[in-house]
Amino acid sequence: MRIGVLTGGGDCPGLNAAIRAVVRVAASANDDIIGFHHGWRGVVDGAASPLTTAETKGILQRGGTILGTARYHPDEHEGGTRAVLATVEQAGLHALIVLGGDGTLGSAKRLADAGVSIVGIPKTIDNDVSGTKRCIGFDTAMATAAEAIDRVQTTGESHDQLMVVEVMGRTTGWLAVCAGIAAGADAICLPEKPTDLDELAKAIQRRHDAGSSSSIVVVAEGALFQGPNGSSEGSAGTMVSTGLAKRTGYETRLTVLGHIQRGGTPTAYDRLLATNFGVAAIEAVHSKAFGTMVSVVDEEVELVSLDDVAAGARQVPSTLLEVAGRLTVG
Ligand code: F6P
């Protein structure tokens, strides 16, 4: 078979491990793999090159994506869907394997409806694709964020400062809640549960009255706040650090982790997950199970319908929010 592969949306560690698995399994089945450059954009423009085991040698441990990526959705552009169908036809593709988050896989769903034979693989450090419990890249980003919070904590303790760390997560707080719990954050501000800055400031003051000289607050970039969610005060991290400094009078420092948490070498878990997903995607193509996405359920990889992605961002479950609530203040 001739099978196209693309990586779309924000990059993440583990994409190369999935590409490598796809190429290796395909090679043993005598399939040809065509790698499209910069996500859906490469399919629209016909920008592609063959991928063999030679091109994928040594990439298992490498962050990012050797194919490049872009936030581009062909179905949202005039003639985009037609261009994808034309490329599929001209390149003689029997299937496309699409690695993406909800944006890229949302387009995959609409293009599958338009007749393209697609199998999706979920990836995003946000871990919020509906239909799977895990996305490639989340484990690495969580470990990176937790380590960064640990580092910020020791310097905050030495200087008796209130430390605020902003992590990624626009619509869901998976990274903030999981890295926050893992690093022992004193408070976590999330999109799922609006934070009352007055209450948080009082809770932190109570901690300090009881003997703590430093606190650490983890903030998801999409955190919501009670009262006016004023954009005039800048990012969510800025809002928390200036808001708490003003209310408590404590010396406060803000660290915005930014793209540090999206780059670098994938953890062993992400390499394993990505490899399992890559193998399962090729198997799905061979059995013509199109319009699906590989998904992890209790460590087993399954196929779910691409329709499941349309359910919207997968929220942090209330059980995990409760665990965070028991270990933090505010
Ligand atoms: O890949 C998802 C994500 O990491 C979000 O958490 C974050 O809001 C966004 O990407 C940032 O992306 P960009 O670099 O395109 O601004």
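In listed order, ligands and their atoms are each counted from 1. Side chains included, hydrogens not; waters and symmetry mates left out as well; all remaining heavy atoms used.
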Revision key, fill the gap. Sorted by chain and residue number, the residues having a heavy atom closer than 4.0 Å to an atom of ligand 1 are Gly10, Arg71, Ile125, Asp126, Met168, Gly169, Arg170, Glu221, His259, Arg262
Exercise for review: State whether the number of non-hydrogen atoms from other residues, nucleotides or ligands found under 6.0 Å of Arg24 atom CZ is greater than 12.
Suggested key: no
Check your understanding: Would you find more than 12 non-hydrogen atoms of other residues, nucleotides or ligands less than 6.0 Å from Ile260 atom CD1?
Key -> no
Review point. Which residue, Ser214, Ser215, Ser213, forms the side-chain hydrogen bond (donor to acceptor under 3.5 Å, both in side chains) with Arg207?
Key: Ser215
Review point. Which residues satisfy the salt bridge (Lys or Arg N to Asp or Glu O under 4.0 Å) test with Asp11, sequence neighbours excluded?
Key: Arg262
Review point. In chain order, what residues pass the salt bridge (Lys or Arg N to Asp or Glu O under 4.0 Å) check against Glu283, with sequence neighbours excluded?
Key: none
Check your understanding: Taking ILVMFWY side chains as joined if any heavy atoms are under 4.5 angstrom apart, and letting links pass through other members, which residues group with Trp40?
Key -> Leu6, Ile34, Phe36, Val43, Val44, Tyr72, Val84, Leu85, Val88, Leu93, Leu96, Val98, Leu105, Leu111, Val116, Ile118, Val129, Met293, Val304, Leu306, Val309
